[in-house]
Structure formats: structure tokens, C-alpha cells
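Read through the structure below, which is laid out as C-alpha cells, and then see the notes.
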Amino acid sequence: MSVRDRVEEIYKQVLDRNAGEPEFHQAVAEVFESLRVVVDVQPEYADAGLIDRLCEPERQIIFRVPWTADNGQVHVNRGFRVQYSSVLGPYKGGLRFHPSVNLGIVKFLGFEQIFKNALTGLPIGGGKGGSDFDPKGRSDAEIMRFCQSFMTELHRHVGEYTDVPAGDIGVGGREIGYLFGQYKRLTNSYESGVLTGKGITWGGSQVRREATGYGVAYFVAEMLKASRNGLADKKVVVSGSGNVAIYAIEKVQQLGGIPIACSDSSGYVVDEKGIDLDLLKEIKEVRRGRISEYADKVQHATFVESGSIWDVPCDVALPCATQNELGEDGAKALVKNGVIAVAEGANMPTTPQGIQVFRSAGISFAPGKAANAGGVATSALEMQQNASRDSWSFEYTDERLAAIMRGIHQRTIDTADQYGLKGDYVHGANIAGFVKVANAMISLGVI
Ligand code: GLU
């Protein structure tokens with residue numbers, strides 16, 4: 001059997017074995033596109049069940065999460081933790097609380113996380129978790145009871161040297177606090193390194209809250225550096241208005257760009273004078289309100305309820321909301337309006353058809369694995385600080401993050417170059433991540 005046939009056989013097996021999980025299939029399909037290129041040059045990577053093992057999570061945990069609402073009603077949600085690969089370090093990856101969460105979503109996110117974490121150059125494996133719990137409209141007390149119940153089961157499976165969760169959609173500082181409190185109570189130990197994204201006064205790291213968004217901005221500035229004078233005066237459209245979007249907007253502004261639009265699930269706002277960040281933070285971080293409130297407060301801004309944010313003309317697009325939010329039509333609209341670079345702040349926000357549109361048009365396109373790795377990289381810096389019982393300054397941590405993002409950018413383009421795919425960030429990120437994990441797997445034997 002030829003090496004290519006062997007890869008196709010593994011790919012088919014993965015799809016058959018994981019039926020009904022379209023997002024997981026999509027994430028695997030994207031990586032296999034790059035693996036075909038790798039095994040042509042290095043056929044040994046198709047041996048020893050290496051790819052087969054990499055596609056199968058080391059462990060998948062599913063559990064019941066019962067909790068009581070303020071009105072006394074008992075709800076039952078489903079909790080997940082997929083411990084995908086620990087070859088480079090303890091499993092590392094966020095928890096997502098959103099009604100769309102199911103095993104397939106957690107597996108896609110965990111699979112992506114393996115390569116993303118490898119790309120950071122830091123010693124972290126890949127994992128992901130979450131629940132189909134919907135935090136929208138829930139009181140603080142309900143969120144606390146849910147988090148406590150979730151951790152009552154999860155605590156058996158995590159630990160500083162085993163698995164270190166953090167936040168993702170629906171899980172921020174408040175939730176990490178309740179989760180950490182319950183872990184501390186159950187284990188009777190102050191094990192700071194078991195979770196990242198903690199508050200600054202109780203073991204957290206400066207810049208962790210900002211890190212994913214800042215990292216995306218650093219990455220895209222690097223993409224534009226050679227030919228286009230960085231982000232200076234570029235019009236930037238950022239989808240979403242959660243943690244990633246807010247801090248991408250902040251750093252884009254600091255680097256001289258002009259973020260002109262952002263969104264939530266109810267619609268999008270356009271402010272050609274540049275998004276007023278204090279107002280956006282007040283609406284989203286303090287009041288947990290809707291994006292339409294922005295246009296109520298800012299006279300010259302417009303709120304669009306239906307339609308696509310990708311119709312807003314811009315130089316740079318940063319999809320920072322969720323998976324598959326930027327499809328073929330959105331990509332075509334961006335290309336037609338003259339976009340020059342796209343970088344993913346969310347995980348897999350662009351569909352394969354959307355990526356194809358950017359590729360054919362020769363638009364610089366950076367996948368989330370590379371562009372949004374700043375969040376998890378800073379989590380690894382938080383782990384370093386916890387392990388050494390130290391805490392670093394904001395400036396020092398931000399410099400470390402910027403250097404890590406420059407490193408990821410360089411590694412990605414160098415790898416693409418090396419495999420004859422100049423300028424292809426998608427292949428560059430997949431291959432660089434894969435080769436690092438694969439080499440470590442070979443060293444550790446069949447486990
Ligand atoms: N959820 C984030 C991601 O998608 C961060 C994970 C972490 O900090 O562990 O990479």
C-alpha cells in the first residue's frame with residue numbers, strides 16, 4: 001500500500017469511528033490536507049500507527065452536572081473533558097460553556113489545541129472541555145452553583161501535572177474563580193497551577209485576560225510587516241465582542257489600526273470613527289448587555305440586526321466569535337471589498353469553502369492554531385509563575401507574549417517555505433505543530 005493510500009485509509013477510519021461529529025471531521029480534514037504533503041517527503045510519519053494514535057484522544061470523560069436554579073428547579077447538564085494528547089506536557093486547553101457544546105465540538109477543539117499548543121514552543125499537551133450549560137441570563141449564584149457542581153466531578157481528572165483547564169466561550173474570570181474555589185475546597189490544597197486564567201491576587205498572570213486578543217493583533221501585525229507597514233491606519237473588522245474580540249480591538253488600536261465593527265449573536269455595529277473601547281467594555285464586561293446598546297449611545301454608529309459583518313469593507317478581518325462564522329459568501333464579500341489579511345481569533349471560524357476563496361484570491365490567511373495561540377501561551381506563562389511562586393509585571397509578560405507570537409509567525413512561514421508552500425500559513429501551522437508532536441511520540445514509544 002502506498003503511503004498516500006495509508007493516509008487515506010486512516011482518514012476514512014477516523015470519520016467512520018466518529019460518526020455524527022461534523023466539526024471534528026472538519027478539523028481532522030484540514031490537518032490531513034497538510035499530512036498528505038508531509039508523508040510525501042517523510043513517509044516514516046505514516047508508520048507505527050502514529051497518525052492513528054494522534055487522532056484518538058487519550059481519554060474522554062463525560063459526566064452529569066446537576067444544579068439548582070434560583071427558583072428551586074433542578075437542571076441537569078452534561079460535562080465533558082477530552083484529554084487528547086499529553087506527549088508534550090500536561091493536557092492544556094479551555095472549558096466552554098455554551099448550549100452548542102457536545103462531544104464532537106469538544107473533540108474538534110481538543111484536536112486543534114494539540115497543534116496550537118505545540119506551535120507555542122512551550123511544554124503543554126492538548127485537551128478541551130466544557131458543558132452544554134447556557135450561562136445567558138443566569139444569576140451569579142446560579143453560575144457559582146453550576147461551576148461548583150461541574151468541578152465536583154472534574155477535580156478527579158485534573159491537576160498541575162495532569163490536566164490544566166482554562167476559559168473559553170462562556171468561561172471567564174468569574175467562572176475560573178468559582179471552579180478554583182471548589183477545587184481548593186475538595187482537595188484541601190492551594191494548587192495554583194491546576195487552572196489558568198485566575199485573578200491576579202490569587203495566582204493569576206498579568207496579560208492572561210488580554211492575551212488571546214493581543215496575540216491575534218501581534219500576529220496580524222507581523223503578517224503585514226514586510227510589505228504593508230503593519231497595522232498602521234488599516235481598517236479592521238472584528239467579529240464577536242467577547243474576551244478575544246475586545247482585546248484584539250484594544251491592541252489593534254495601540255498598534256495604530258482602526259477597528260470599525262464588531263458583533264454579537266444579535267447583530268453587528270459599525271463605527272467608522274473607530275470603536276469606543278471603554279463603552280464596549282462597559283456594555284459587555286460590566287453589564288453583560290447586547291451590542292445594539294453601543295449604537296443607542298453613539299449617534300454616528302449603526303446597528304445592523306440581520307446581514308453579515310463581512311459585508312463591511314475593511315483591510316483586515318479578524319473573525320473572533322465562533323466556529324464556522326465566516327463562509328464562502330462572507331469570504332467573497334471581503335475579497336471583493338479589498339481585504340488584504342485575515343487572521344482567526346476564534347477556533348476554526350472560517351469554513352473550508354471560505355479558506356478556499358482566500359487561497360484562490362491570494363489573500364494572506366492565518367488559521368486560529370497560529371494566530372490565536374497567545375491565550376494558551378500566556379496560560380503556560382501563568383503555569384511557570386505558579387510553579388516558581390512568582391508573579392511578573394504586565395510589561396514583562398506582554399513582551400514575552402509578543403515574542404512568542406513573533407516566534408509562532410516565523411515558525412509557521414519557515415515551515416511552509418521548507419515544504420514548498422511559501423506564504424501558506426494553514427499548511428505551515430499544521431505541519432510545524434504535527435512534526436513537533438510526531439517526533440515526541442516516536443521518542444516515547446507506542447503508548
Ligand atoms: N480556550 C483558549 C484556546 O482556545 C485558551 C486555552 C488555555 O488557556 O488553556 O486556546
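Since this is a predicted model, take the numbers as computed values, not measurements. Heads up: numbering here begins at 1 and tracks the sequence. Note that ligands are numbered from 1 as they come in the structure, with each ligand's atoms numbered from 1 the same way.
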Inset, instruction - Report yes if the distance between the aromatic ring centroids of Tyr84 and Phe108 is under 6.0 Å, otherwise no. - result: no
Hey, is [X] touching ligand 1 through its side chain, its backbone, both or neither, going by heavy atoms under 4.0 Å?
X	value
Lys128	side chain
Asn347	side chain
Arg208	side chain

Legend entry - Identity and separation of the nearest protein heavy atom to atom 6 (C) of ligand 1: Gly94 N, 3.5 Å
Inset, instruction - Considering heavy atoms of the protein only, find what lies nearest to atom 9 (O) of ligand 1 and give residue, atom and distance to 0.1 Å. - result: Lys92 NZ, 2.7 Å
Legend entry - Contact check, side chains of His25 and Asn18, non-hydrogen atoms, under 4.5 Å: yes
Inset, instruction - State, with a plain yes or no, whether a side-chain heavy atom of Gln384 is found less than 4.5 Å away from one of Trp392. - result: yes
Inset, instruction - Going by the ring pair (Phe, Tyr, Trp, His ring centres under 6.0 Å) test, name the single residue among Tyr419, Phe115, Phe111, Tyr45 that passes it with Phe434. - result: Tyr45
Legend entry - Closest non-hydrogen atom pair between Leu326 and Pro319, with its separation: CD2-CG, 4.0 Å
Atom indices of ligand 1, in the order listed, that fall short of 4.0 Å to a heavy atom of [X]:
X	value
Ser379	7 (C), 8 (O), 9 (O)
Lys116	3 (C), 4 (O), 10 (O)
Ala166	7 (C), 8 (O), 9 (O)

Legend entry - Sub-4.0 Å heavy-atom contact, Glu112 with ligand 1: no
Inset, instruction - Output yes when the distance from some N or O of ligand 1 to some N or O of Gly167 is under 3.5 Å, and no in every other case. - result: yes
Inset, instruction - Decide whether a cation-pi geometry holds between Arg138 and Phe133; the criteria are a distance under 6.0 Å from NZ or CZ to the six-membered ring centre and an angle within 45° of the ring axis. - result: no
Inset, instruction - Kindly assign one of parallel, tilted or perpendicular to the pair Trp67 and Phe146, based on the angle between their ring planes and the thresholds 30° and 60°. - result: perpendicular
